[in-house]
Amino acid sequence: MASSIFLQRSVNCFICNYQLGKNLKNGLAATKPNFTEKCTSSRKIGGIKARLAVDSMETATSPTAFPFFQTESQQEDTPASKLELADPEFYKMGFVRSMRAYGVEFREGPNGFGVFASKDIEPTRRAKVVMEIPLELMLTLSQKTPWMFFPDIIPVGHPIFDIINSTHPETDWDLRTACLLLYAFDHDKNFWQLYGDFLPSVEECTSLLLATEDDLKELHDENLASTMRKEKARTLEFWEKNWHSAMPLKVKRLARDPERFIWAVSMAQTRHINFRIRVGSLVQDANMFAPYADMLNHSCQPNCFFHWRFRDRMFEVMTNAGQRIKKGEEMTVNYMRGQRNNMLMQRYGFSSLSNPWDVLPFSGNARIHLDSFLSVFNISGSHEDYYHNAKFANEGDSFVDGAVLAAARTLPTWSEGDIPPIPSFEIKAVKTLQEECQQILAQYSTTSKQDQHILDSTPEMSWTREAAIKYRLHKKLFVEKVIEALDIYQDRILF
Ligand SMILES: C[S@@+](CC[C@H](N)C(=O)[O-])C[C@H]1O[C@@H](n2cnc3c(N)ncnc32)[C@H](O)[C@@H]1O
């Protein structure tokens with residue numbers, strides 16, 4: 001594959017009507033395109049600036065000082081008012097098509113666009129609607145054959161119809177939705193021709209499908225790197241099979257180069273939602289691109305969720321019942337409950353410093369006392385639902401976050417009702433577990449400090465490279481947090 005080919009898609013900037021040559025180069029070492037200097041109202045400018053500005057704040061914050069569960073997108077550390085607001089056109093083009101947003105605003109932060117509360121949201125007994133997106137604005141594909149789609153923009157007999165029809169509905173959902181997205185971009189007066197300008201470009205998308213071989217090496221995780229190579233090969237194979245020279249122009253122009261198709265698949269992987277919807281009497285499991293809702297970032301402790309309102313075919317973003325959200329706070333949803341960082345990376349190109357579902361591969365026989373370990377950190381609930389019982393935590397005690405919950409889930413433990421831990425046994429077990437942690441750290445060729453230094457000293461790094469380095473850094477910080485948690489366990493319980 002010739003990865004250095006440039007794809008130029010001309011788009012108009014809404015504010016200044018400047019003709020932008022959209023740089024779709026799939027070379028992530030690429031220098032930032034020139035047009036960012038000329039147009040001050042495109043998504044690109046804000047994205048890059050915001051990332052630089054916020055990165056320096058991030059590094060000033062020690063990872064262990066993060067408040068419980070508030071570090072998912074790390075935008076909480078930056079006042080929302082400092083993040084750039086989305087272009088007014090972004091709202092307008094949706095409002096005229098009956099999209100509604102209540103008490104939320106879109107801003108560009110370190111993780112691209114995000115959704116923020118524009119006023120205080122008081123807790124209520126019922127979940128509150130904050131966004132409504134009509135079915136007509138979404139791109140929706142049924143997951144089962146015969147495949148159905150909304151809105152009905154593809155004429156039967158169009159070759160892209162046959163291409164989508166040739167895919168496997170369950171395993172090829174990303175290839176199918178990518179085809180539908182590309183068709184929507186090409187379809188006269190379709191909403192996605194406008195919305196597409198607010199999607200991340202090749203340079204801004206964190207999907208590892210767009211990562212270079214060098215970026216994949218930075219993961220320091222050969223399994224994940226190899227999975228991504230296979231994913232990329234599968235995508236290319238599909239493009240080669242369907243975009244050969246004998247294809248009619250109306251298909252060819254949708255993705256003239258493999259890079260364009262890989263970008264569309266990465267949009268599908270990082271933005272589409274699996275959802276069960278009811279339209280009339282028909283209940284369908286669907287793959288959907290839901291504009292505006294796809295700007296919500298992920299959190300393992302989200303304050304919002306999605307809902308389908310079948311009565312008037314509205315896709316809704318709702319706040320959790322009883323949830324208080326302060327003005328400026330980020331609104332988030334959970335993309336993948338119960339998944340480890342490698343799965344988040346594979347699908348979305350980011351990892352979480354405080355993912356409560358991450359695990360460490362302990363191999364020995366050493367075990368610590370479950371009940372006493374949990375009680376030291378005020379962790380409550382059953383195994384699958386551990387949570388930090390902040391009510392009993394010391395004031396200002398911010399050590400416990402998702403990483404400590406993950407530690408609670410993965411540390412080998414024992415428990416026999418009321419039998420207390422025997423200090424000498426526990427010390428031995430703790431030491432062995434900490435040694436295992438040190439061994440895990442020793443397998444990496446860099447330390448967490450070195451990773452942090454690389455991130456701090458290379459502000460112009462590509463988004464995929466940054467995501468890869470953060471991934472291995474998050475792993476190490478998790479291991480270090482386990483070591484520290486075991487220290488605290490010894491200090492607080494045994495002496
Ligand atoms: C559905 S989109 C969300 C909107 C996106 N931020 C944007 O700019 O368009 C998913 C992408 O957002 C970013 N993202 C979402 N949640 C994140 C998080 N907690 N940490 C880092 N990046 C996140 C990742 O790049 C991911 O692939």
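Counting starts at 1 for both ligands and their atoms, following the listed order.
Using the six-membered ring where Trp is involved, Y348 and Y335 have ring planes that are tilted, between 30° and 60° apart. Using bins of under 30°, 30° to 60° and over 60° for the plane-to-plane angle, the ring pair F113/F106 lands in the perpendicular bin. Aromatic ring orientation, W243 versus F261: tilted (interplanar angle from 30° to 60°).
Taking a cut-off of under 4.0 Å to the non-hydrogen atoms of G112, the atoms of ligand 1 that pass are 6 (N), 8 (O). Close approach to L296 involves these atoms of ligand 1, each under 4.0 Å from a residue heavy atom: 3 (C). Residue-ligand proximity, N297 to ligand 1, at heavy-atom distances under 4.0 Å covers atoms 3 (C), 4 (C), 5 (C), 6 (N), 12 (O), 13 (C), 14 (N), 15 (C), 16 (N). Residue contact check: F113 has heavy atoms under 4.0 Å from atoms 4 (C), 5 (C), 6 (N), 7 (C), 8 (O) of ligand 1.
Judged by the shortest distance from any of its heavy atoms, W463 lies outside the 4.0 Å radius around the atoms of ligand 1.
The part of F350 lying near ligand 1 is the side chain, judged by heavy-atom distances below 4.0 Å. Here L199 has no heavy atoms under 4.0 Å from ligand 1, in either its backbone or its side chain.
Backbone and side-chain nitrogen or oxygen atoms of M295 are examined, and none is located within less than 3.5 angstrom of a nitrogen or oxygen of ligand 1. In terms of N/O distances under 3.5 Å, ligand 1 is not approached by T270. Considering both main-chain and side-chain atoms, R271 comes within under 3.5 Å of ligand 1 through a nitrogen or oxygen pair. The distance criterion of under 3.5 Å between nitrogen or oxygen atoms is not met by S351 with respect to ligand 1.
Counted within 6.0 Å of CZ on F95, heavy atoms from surrounding residues, nucleotides or ligands total more than 12; the atom is thus considered enclosed. Around the NE2 atom of H187, the shell of radius 6.0 Å holds more than 12 heavy atoms that belong to other residues, nucleotides or ligands.
Remark: R229 pairs with E213, E222 by the salt bridge (charged side-chain N to carboxylate O under 4.0 Å, His left out) rule, at least two apart or across chains.
Between I133 and A293, the shortest heavy-atom distance links the atoms CD1-CB, 3.8 Å.
Aromatic pair Y195/Y292: ring centres closer than 6.0 Å.
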